[in-house]
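Data first, discussion second: the structure below is written as structure tokens.
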Amino acid sequence: MPQRTFSNMIRLNGVFVHNFAALNSNPCQNLSHMLVQTRHKTSGGSKPKKKIYYRVHELDKVMDLQKKPAVILQLKDTIQSQKTKCIFLRDLEKEVGFVQKWNCMAAIEKYPTIFHVSGGDRAPVAVRLTDKAQRVAAEEDEARMLMEPILVKNLRKLLMLTIDCKVPMEKIELIENELGLPMDYKKSLIPKYPEFFSVKDINGKAYLHLENWDSSLGVTAREENLVPEGELKDGGRGKKVRISKDGNYPGPCAFRICYPAGFRPNTGFLEELERWQKTEFPSPYLNARRFDQADPKARKRIVAVLHELLSLTIEKRMTSFQMSAFQSELLLPARLILCLIKHHGIFYITNKGVRSTVFLKEAYDGSNLIKTCPILRFKAKFVGLSGRKDSSFADRMNN
């Protein structure tokens with residue numbers, strides 16, 4: 001069988017998931033769900049079993065809304081990286097690539113409040129930031145300064161999550177944008193904190209090491225946001241199921257559940273979910289080697305690890321490819337995608353964009369990120385210079 005991508009089929013240890021993103025190219029974009037077909041191999045052959053995976057259109061929309069801001073911010077960084085703080089159009093392709101060059105040229109033409117064009121006739125055409133855009137761009141240094149303690153804390157927590165308190169630098173590079181790291185973090189951030197970090201060469205590969213373990217950092221975002229006992233109303237109305245109908249349970253081992261519109265769990269599902277919500281599990285910050293991965297408590301711990309990993313990102317999302325890259329460091333299950341699909345009240349996978357992206361659902365209110373950080377607020381302010389028609393990114397980040 002020829003190899004296929006995730007958008008067509010995922011093959012994971014004898015389990016097949018077909019057409020997970022087939023509707024991504026379907027003109028009927030108003031569909032509220034998609035079919036996830038799983039095939040379990042048995043001695044008597046394989047029998048397909050289809051399950052519904054409900055779309056969350058607000059989170060799909062996030063991927064569409066980020067396209068224009070991403071181009072604007074990339075072009076800003078490209079211009080500011082030049083010694084003269086301007087760039088000739090003839091050099092744009094060399095900086096951003098052939099395809100992205102056309103997106104940047106469209107942004108230059110569409111947003112004269114941000115980008116100023118000069119030259120022409122015999123002089124080469126150059127682009128720089130407008131005076132107003134330069135004044136806003138100058139605020140990035142302050143935003144980066146405010147971000148530094150957040151970044152240091154999150155990097156330490158990421159290393160504490162791993163089994164050996166070290167991560168290959170190439171994997172840090174893979175998620176550097178998701179973590180909110182500055183472009184020069186290898187020179188400006190990591191060497192600045194030798195008491196926390198060191199970079200060591202192991203078999204020709206650079207690793208980021210944690211120098212000191214801090215137990216006070218071993219508190220997860222889930223624990224910090226626990227729902228107090230008695231805050232949620234009893235959705236059972238005197239029935240055997242005491243858990244609320246939306247799946248949430250006020251307990252120390254519970255996760256915040258956000259089921260999509262259209263999902264109607266039955267009594268049996270809610271009873272099983274209540275048992276799962278009440279099940280105790282080890283902290284994600286305990287070494288995963290200590291636990292039997294077949295143990296239900298260890299399996300629930302994996303959900304907590306994925307939850308914490310997403311919580312360490314500035315937008316509470318990363319691609320499934322990025323998550324799977326940490327499989328060996330976090331001892332994630334081989335069937336990671338199926339784990340995410342199973343817990344669709346906690347995570348949401350969208351195939352909008354170049355790669356499938358995993359969202360932490362509780363971090364969003366519709367398409368809006370609930371809690372933002374200084375660098376996201378700065379980016380929102382800069383993109384807001386584009387005008388009202390394209391200010392949706394700023395609206396989502398300034399809540």
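All residue numbers refer to positions in the sequence shown, counting from 1. On a predicted model such as this, the values are computed, not experimentally measured, just so you know.
Between Tyr348 and Tyr53, the ring-plane angle classifies as parallel under the 30° and 60° cut-offs. Ring-plane geometry between Phe255 and His307 is classed as perpendicular, the angle between the planes exceeding 60 degrees on a 0 to 90 degree scale with a lower cut at 30. Ring pair Phe197/Tyr193 is perpendicular by interplanar angle, where above 60° counts as perpendicular and below 30° as parallel.
Side-chain contact check for Tyr249 versus Leu273: every heavy-atom pair is 4.5 Å or farther apart. No side-chain heavy atom of Leu306 sits under 4.5 Å from any side-chain heavy atom of Ile346. Taking the side chain as every heavy atom from C-beta outward, Thr267 and Glu271 approach each other to under 4.5 Å.
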Test side-chain hydrogen bond (donor to acceptor under 3.5 Å, both in side chains) on Glu223 and Thr220 and set out the steps.
-> CA-CA 5 Å; Glu223 292 171 311; Thr220 65; 3.2 Å; yes
Under the side chain to side chain contact (heavy atoms under 4.5 Å, CB included) criterion, do Lys132 and Thr113 qualify, and how do the steps go?
-> CA-CA 8 Å; Lys132 186 175 183 179; Thr113 55; over 6 Å; no
Could you please spell out the steps behind the salt bridge (Lys or Arg N to Asp or Glu O under 4.0 Å) verdict for Asp295 and Lys297?
-> CA-CA 5 Å; Asp295 188 323; Lys297 293 182 179 181; over 6 Å; no
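In this structure, Lys278 pairs ionically with Glu274, as a charged nitrogen and a carboxylate oxygen lie closer than 4.0 Å.
With rounding to the nearest 0.5 angstrom, the OG atom of Ser320 is 7.5 Å from the CG atom of Asn351. Put simply, CD1 on Ile79 and CG on Leu92 are 8.5 Å apart, with the number rounded to the nearest 0.5 Å. For the atom pair CG (Leu385) and OG1 (Thr130), the distance works out to 7.0 Å, reported to the nearest 0.5 Å. A distance of 8.0 Å separates NZ of Lys186 from CD1 of Ile190, quoted to the nearest 0.5 Å. Interatomic distance, Leu155 CG to Leu179 CG, rounded to the nearest 0.5 Å: 6.0 Å. Here CG of Leu189 is found 6.5 Å from CG of Leu181. Values are rounded to the nearest 0.5 Å.
For an aromatic pair to be called close, the ring centres must be under 6.0 Å apart, and Phe359 with Tyr364 satisfies this.
Here Ile202 is tied into one hydrophobic group with Tyr207, each link being a pair of ILVMFWY side chains closer than 4.5 Å.
By the side chain to side chain donor-acceptor pair (under 3.5 Å) test, Gln322 is found to be paired with Glu178, Thr319, residues two or more places apart in sequence or in another chain being considered.
Listed by first then second residue, pairs satisfying salt bridge (Lys or Arg N to Asp or Glu O under 4.0 Å) with a partner in residues 79-94 read Glu93-Lys101, not counting sequence neighbours.
Within 6.0 Å of CD on Glu109 lie no more than 12 heavy atoms contributed by other residues, nucleotides or ligands.
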